[in-house]
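To start, the structure under review is shown below, and the notes come after it.
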Amino acid sequence: MAGAALLLLSAAIAAVCFLPPTTAADQGCASQNLGSSRVFAACTDLPHLSSSLHWTYDRATAALSIAFVAPPAAAEGWVAWAINPTGTGMAGSQALVAFRQADGKMGVKTYNITGYALEESKIAFETSDLAAEYAGGVMRIFGTLKLGMEMTVVSEVWQVGGSVTNGVPDKHAFRTENLESKGKLDLIRGVSSGSGGSVTRERNIHGVLNAVSWGILLPIGAIFARYLKTFHSADPAWFYLHLSCQLTGYIVGVAGWATGLNLGSKSKGVRYTTHRNIGITLFSLATLQVFALFLRPNKDHKYRFYWNIYHHLVGYTVIILGVINVFKGLTILNTAQKWTTAYITVISILGGIALSLEAITWIIVLRRKSRNSTKPYGSNSTVGRHAVQQPLSV
Ligand SMILES: *[C@@H]1O[C@H](CO)[C@@H](O)[C@H](O)[C@H]1NC(C)=O
């Protein structure tokens with residue numbers, strides 16, 4: 001027991017050491033407020049022209065909603081953001097350009113760019129909800145583009161200019177930052193840095209660790225506790241099975257949690273808020289659960305009843321949140337369907353086992369109860385009472 005306690009303590013300390021350093025994620029694009037109706041899943045600060053891009057990509061429909069934010073080169077200038085489906089530079093870009101229109105309002109026009117002479121035209125992608133704003137020295141382009149399926153990494157190009165003549169944006173400056181304002185945008189992972197491999201590996205490790213710990217081991221441990229208890233012969237074996245399952249689950253889970261924090265700090269700008277918040281809640285509740293073990297009152301103590309209620313409440317919350325977060329993670333990872341199917345299968349089997357054991361437990365307990373009520377002073381009565389309480393204590 002002392003060994004287990006020591007192990008727990010070191011796991012908890014290790015977890016605390018893994019706490020994320022306060023990152024710079026709160027600066028730059030993440031701190032830009034685009035209004036409550038314009039919330040995007042991800043954002044990135046682009047490396048040139050003080051600009052940033054916010055986006056939400058819907059994989060199912062290949063719809064990309066964006067907000068491009070940049071200061072124009074002069075007050076009456078323009079800003080542009082484009083995807084180049086055929087190359088990497090300006091030529092061939094399918095551009096959204098924002099500037100003050102003839103009516104004096106900000107607007108967005110689309111251009112199929114072939115050279116410096118711009119002519120408004122349709123672009124290769126269907127567009128909708130185009131809008132522009134100019135406030136606080138920055139222009140913003142909003143819009144939704146219907147991309148080709150599987151176009152998850154695109155060549156982006158952005159630009160700013162200082163003037164518009166007769167409704168046509170004039171040439172931009174030719175400084176280095178005007179010429180280098182292009183790159184690859186990975187719509188799933190954020191701007192790719194050319195070394196996507198290690199992040200992918202880390203994401204997979206994160207997924208496996210967490211699915212096994214929070215998603216599988218903890219539910220199994222709960223099943224041990226709830227159903228083995230009914231069998232007197234399994235006492236105290238159930239307790240040790242429960243403890244080792246939850247302990248292993250917790251330690252592996254903390255490792256998985258730490259990889260998650262690390263991933264979160266790497267993919268600055270790409271925010272999976274719900275997944276992250278559930279993860280942090282999970283870790284806190286599970287850690288609480290571990291420490292509450294030390295405060296567990298004696299079996300006969302009058303507070304033990306309340307401790308049991310607490311223990312069950314937090315325990316089941318952790319399991320439910322854990323399973324939810326595994327599914328959230330699977331969605332984010334965008335893994336092959338077979339992994340989602342595999343996890344659904346495992347969790348359904350566990351659910352099936354739990355349901356049948358639940359039925360068996362009730363039958364056993366009710367039988368025992370009726371047997372005991374016919375011989376109330378039987379030698380078995382205390383054990384019987386304990387067992388009768390068991391399904392009701394949840
Ligand atoms: C854009 O212009 C190029 C060159 O003129 C042309 O080949 C292409 O079809 C145009 N794209 C669209 C969407 O109009």
hydrophobic_cluster_shared for Ile66 and Val160, side chain cutoff 4.5 Å
yes
Do you reckon Val208 sits in the same ILVMFWY cluster as Val254, going by side-chain contacts under 4.5 Å, direct or chained?
no
Taking all non-hydrogen atoms of both residues, which atom of Thr340 and which atom of Leu330 are closest, and how far apart?
CA-CD1, 3.9 Å
If you take all heavy atoms of Asp186 and Trp55, which pair is closest and at what distance?
O-CZ2, 3.8 Å
Apply side chain to side chain contact (heavy atoms under 4.5 Å, CB included) to the pair Ile188 and Arg59, showing each step before the final yes or no.
CA-CA 9 Å; Ile188 310 280; Arg59 183 124 205 214; 3.9 Å; yes
Considering all heavy atoms, the nearest Asn84-Gly87 contact:
OD1-N, 2.8 Å
To the nearest 0.5 angstrom, please state how far the CZ atom of Arg226 sits from the CG atom of Leu228.
12.5 Å
Short side-chain donor-acceptor distance under 3.5 Å, Asp170 and Ser163
yes
Decide yes or no for Lys105 and Arg100: does some side-chain heavy atom of the first lie under 4.5 Å from some side-chain heavy atom of the second?
no
Determine whether the aromatic ring centres of residues Trp257 and Phe283 are separated by less than 6.0 angstrom.
yes
Close side-chain approach of Val39 to Thr56, heavy-atom, < 4.5 Å
no
Thr273 side, atom OG1; Arg276 side, atom CZ - distance, nearest 0.5 Å:
8.0 Å
CG/Leu46 to CD/Glu177 distance, rounded to the nearest 0.5 angstrom?
12.0 Å
A side-chain contact here means heavy atoms from C-beta on lying under 4.5 Å apart; do Val108 and Val97 qualify?
no
When you look at Tyr250 and Leu217, which way does the side chain to side chain contact (heavy atoms under 4.5 Å, CB included) test go after all the steps?
CA-CA 9 Å; Tyr250 179 74; Leu217 278 174; over 6 Å; no
So Leu64 and Asp58, do their side chains get closer than 4.5 Å, heavy atoms only?
no
Would the number of heavy atoms belonging to other residues, nucleotides or ligands and lying under 6.0 Å from NZ of Lys146 be above 12?
yes
Given 3.5 Å as the limit, does a donor-acceptor pair link the side chain of His242 with the main chain of Phe224, or not?
no
Give the cluster check for Val346 versus Leu355: same hydrophobic cluster or not, with ILVMFWY residues linked at side-chain heavy-atom distances below 4.5 Å.
no
Between His206 (side chain only) and Gly256 (backbone N and O only), is there a donor and an acceptor less than 3.5 Å apart?
yes
List, by chain and then residue number, the residues other than Leu218 in its hydrophobic cluster (Ile/Leu/Val/Met/Phe/Trp/Tyr, side-chain heavy atoms under 4.5 Å); write none if there are no others.
Trp214, Ile278, Leu282, Leu285, Leu288, Trp307, Tyr310, Val314, Val318, Ile319, Ile320, Leu321, Ile324
For Ser155 and Lys184, which heavy atoms make the closest approach, and how far apart are they?
OG-NZ, 3.1 Å
Report yes or no: does Ser181 contribute a side-chain atom to a donor-acceptor pair with the main-chain N or O of Trp158 at less than 3.5 Å?
yes
Please determine, by modelled atom types, if Asn262 and Thr259 share a side-chain donor-acceptor pair under 3.5 angstrom.
no
Under the criterion side-chain hydrogen bond (donor to acceptor under 3.5 Å, both in side chains), I'd like the reasoning laid out for Gln94 against Thr110: C-alpha separation, chi angles, the key distance, then a yes or no.
CA-CA 7 Å; Gln94 308 297 301; Thr110 57; over 6 Å; no
What are the two closest heavy atoms between Ser284 and Ile280, and how far apart are they?
OG-O, 2.7 Å
Can you confirm whether the side chains of Tyr57 and Ser65 place a donor and an acceptor under 3.5 Å from each other?
no
Given His311, His312, Arg304, the one that forms side-chain hydrogen bond (donor to acceptor under 3.5 Å, both in side chains) with Asn308:
Arg304
Report yes or no: does Gln101 contribute a side-chain atom to a donor-acceptor pair with the main-chain N or O of Phe99 at less than 3.5 Å?
yes
Distance col, row Tyr240:OH vs Cys245:SG, nearest 0.5 angstrom, shows 15.5 Å
When rounded to the nearest 0.5 Å, the distance separating OG1 of Thr341 from CD1 of Ile344 is 6.0 Å
Are the side chains of Asp235 and Lys229 in contact, using a 4.5 Å heavy-atom criterion?
no
Would Val154 end up clustered with Met149 when hydrophobic side chains under 4.5 Å apart are linked, directly or stepwise?
no
If you group Ile, Leu, Val, Met, Phe, Trp and Tyr by side-chain heavy-atom gaps below 4.5 Å, do Leu295 and Val290 land in one group?
no
Result of checking Leu49, Val79, Leu179 against Gln159 for side chain to side chain contact (heavy atoms under 4.5 Å, CB included):
Leu49
All heavy atoms of Gly215 vs all of Pro219, minimum pair found to be O-CG, 3.5 Å
Determine whether Ile83 and Met151 satisfy the following criterion, side chain to side chain contact (heavy atoms under 4.5 Å, CB included), listing intermediate values before the conclusion.
CA-CA 11 Å; Ile83 287 180; Met151 255 184 93; 4.1 Å; yes
To the nearest 0.5 Å, what is the distance between CD1 (Ile216) and CD1 (Ile347)?
6.5 Å
Those residues that, when tested against Met90, pass side-chain contact (heavy atoms from CB on, under 4.5 Å) (two or more places apart):
Ile113, Tyr116, His172
Sole candidate of Ile364, Leu357, Ile360 that passes side chain to side chain contact (heavy atoms under 4.5 Å, CB included) when paired with Tyr227
Leu357
Check step by step if side chain to side chain contact (heavy atoms under 4.5 Å, CB included) holds for Asn325 and Asn210.
CA-CA 9 Å; Asn325 227 21; Asn210 285 310; over 6 Å; no
Full working for salt bridge (Lys or Arg N to Asp or Glu O under 4.0 Å) between Glu156 and Lys182
CA-CA 6 Å; Glu156 62 173 339; Lys182 59 190 176 188; over 6 Å; no
Evaluate the side-chain proximity of Pro169 to Tyr111: yes if any heavy-atom separation is below 4.5 Å, no if none is.
yes
List, one per line, each side-chain donor-acceptor pair under 3.5 Å for residues 124-142, sequence neighbours excluded.
unit_1: Glu133; atom_1: OE1; unit_2: Arg140; atom_2: NH1; d: 3.0

